[in-house]
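Remarks on the structure that follows.
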There are 2 protein chains.
Amino acid sequence: MIRLTKQTDYALVLMTLIAASEPSEVQSATELAERARLPLPMAGKILKLLGREGLLVSQRGAAGGYRLAQGASETTVADIIRAMEGPIALTDCSSDSGAVCSLEESCPTCSTLRRVNRAVNDALEAITLAEMAGAKHEAREALSEPIA
Amino acid sequence: MIRLTKQTDYALVLMTLIAASEPSEVQSATELAERARLPLPMAGKILKLLGREGLLVSQRGAAGGYRLAQGASETTVADIIRAMEGPIALTDCSSDSGAVCSLEESCPTCSTLRRVNRAVNDALEAITLAEMAGAKHEAREALSEPIA
DNA sequence: CCATAGGGCACCGATTCGGTCCCATTTCGT
DNA sequence: ACGAAATGGGACCGAATCGGTGCCCTATGG
Ligand code: FES
Ligand code: FES
């Protein structure tokens, strides 16, 4: 399926939330989970992973939490997806070893799918966390009346 | 995972094979399976699906087979993917009903992910079957020396 | 009338996904 | 010094999806 995992979806939401706050302050998993309307164990798992992958910096101990490892403009959607699900590749052979490949003489997908793959990659690479956080604020403004 | 199914991968190969032949002649599943180096049941299953989805026209009975339903230039990679795995949507809420959504107040992914989704969609929509078949021939030419 | 070829679908093992829980470790506050 | 608060790292399990095969039916050309 050409669909990202729910956990990746959650990761995007969480990253956006963190990016929308003061860059220097850490935010606890509990707090973030609440704001993202996610169960705490889930949010915790994802935040741990994002930390291990270097997208977040964690502060342990009481009053600990997470903050962005880089500026919001340096982190892209592609980064987050890669952190959660590994390298972005539409098919087995579009990036990995061509061992299982060779479905056809001079495999047609090799060239074309690689191009498609690159296009997708570029599209994901083009959106930064800063843009997402910005879009959120705009949306919140736009919705402030209808919701309230 | 942002990855298409193996069956979809196979479908792309099969479609490319069909597109590379005379548009009026039908080709049997057996023949295509052989050329794609796929087990016959698999190829059959995929071809049936592609036929049901309207991308291929089937000729039943002895000497039957498949041919393209439209010109190779009218069929895109996105069409094939949609035929195999349904609508192209990166997340649950980026196209379906927003029922399960609302992960956050004025959900941030709603706006941004939809944009990403569109970019991916466009990228897939941009590649036609004719291009794939063409690329295959070019690749075959380019590889004729190094392989032999 | 029979061999050939597609149509439809059920089925099964293997993998992945979604989510929870537990326990160890670190650190702040008292 | 001690305990509460928080992250770190996995193990774990039910559910869904994937990859692939097989069976039986229908259509059709010779
Ligand atoms: S052999 Fe599989 S993509 Fe080239
Ligand atoms: S609520 Fe999920 S994408 Fe908007």
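Letters A, B, ... mirror the listed sequences (proteins, then strands); counts begin at 1. From a predicted model like this one, the values you see are computed outputs, not experimental measurements.
Atom pair B/Lys6:NZ and D/dC18:C1' shows a separation of 10 Å (rounding to whole Å applied). At whole-Å resolution of the value, NZ in B/Lys45 and P in C/dA10 are 12 Å apart. Note: CE (B/Met84) to P (D/dT17) measures 16 Å, nearest angstrom. The distance from atom CD of A/Glu34 to atom P of D/dA6 is 11 Å, rounded to the nearest whole Å. Separating the CD1 atom of A/Ile46 from the C1' atom of D/dG10 is a distance of 16 Å, rounded to the nearest angstrom. In this entry the distance linking CZ of A/Arg60 with P of D/dG8 reads 6 Å, nearest Å. Rounded to whole Å, atom C1' of C/dG19 lies 14 Å from atom CG of A/Leu49. Going from atom CD of B/Glu31 over to atom P of C/dA5 covers 10 Å, rounded to whole Å.
Counting non-hydrogen atoms under 4.0 angstrom, A/Gly65 reaches the backbone sugars and phosphates but no base.
For the pair A/Met84/A/Leu50, a side-chain contact is recorded, criterion being any heavy-atom separation below 4.5 Å from C-beta on. Counting only heavy atoms from C-beta outward, the side chains of A/Ile88 and A/Ile81 approach each other to under 4.5 Å.
Screening A/Arg82, A/Glu85, A/Arg3 against A/Thr8 for a side chain to side chain donor-acceptor pair (under 3.5 Å) leaves a single residue, A/Glu85. Tested against B/Met15, the residues B/Val77, B/Asp79, B/Leu55 include a single side chain to side chain contact (heavy atoms under 4.5 Å, CB included) partner, B/Leu55. Of the listed residues (B/Thr76, B/Leu68, B/Ile18), just one forms a side chain to side chain contact (heavy atoms under 4.5 Å, CB included) with B/Leu129, and that residue is B/Leu68.
Residue A/Ser28 has no polar side-chain atom (N or O) positioned under 4.0 Å from OP1 or OP2 of D/dA5. One finds no side-chain N or O of B/Ser58 lying less than 4.0 angstrom from the OP1 or OP2 phosphate oxygen of C/dA5. Close to D/dG29, at under 4.0 Å from its OP1 or OP2, lies a side-chain N or O of B/Gln59. The side chain of B/Tyr10 places no N or O atom within less than 4.0 Å of a non-bridging phosphate oxygen (OP1 or OP2) of D/dC18.
When each of A/Ala62 and A/Pro39 is assigned the nucleotide of DNA chain C bearing its nearest heavy atom, the one mapping closer to the 5' terminus is A/Pro39. Mapping A/Gly64 and A/Arg52 onto DNA chain D by nearest heavy atom places A/Gly64 closer to the 5' end of the strand.
No N or O donor and acceptor, one from the side chain of B/Lys48 and one from the base of C/dG6, sit under 3.5 Å apart.
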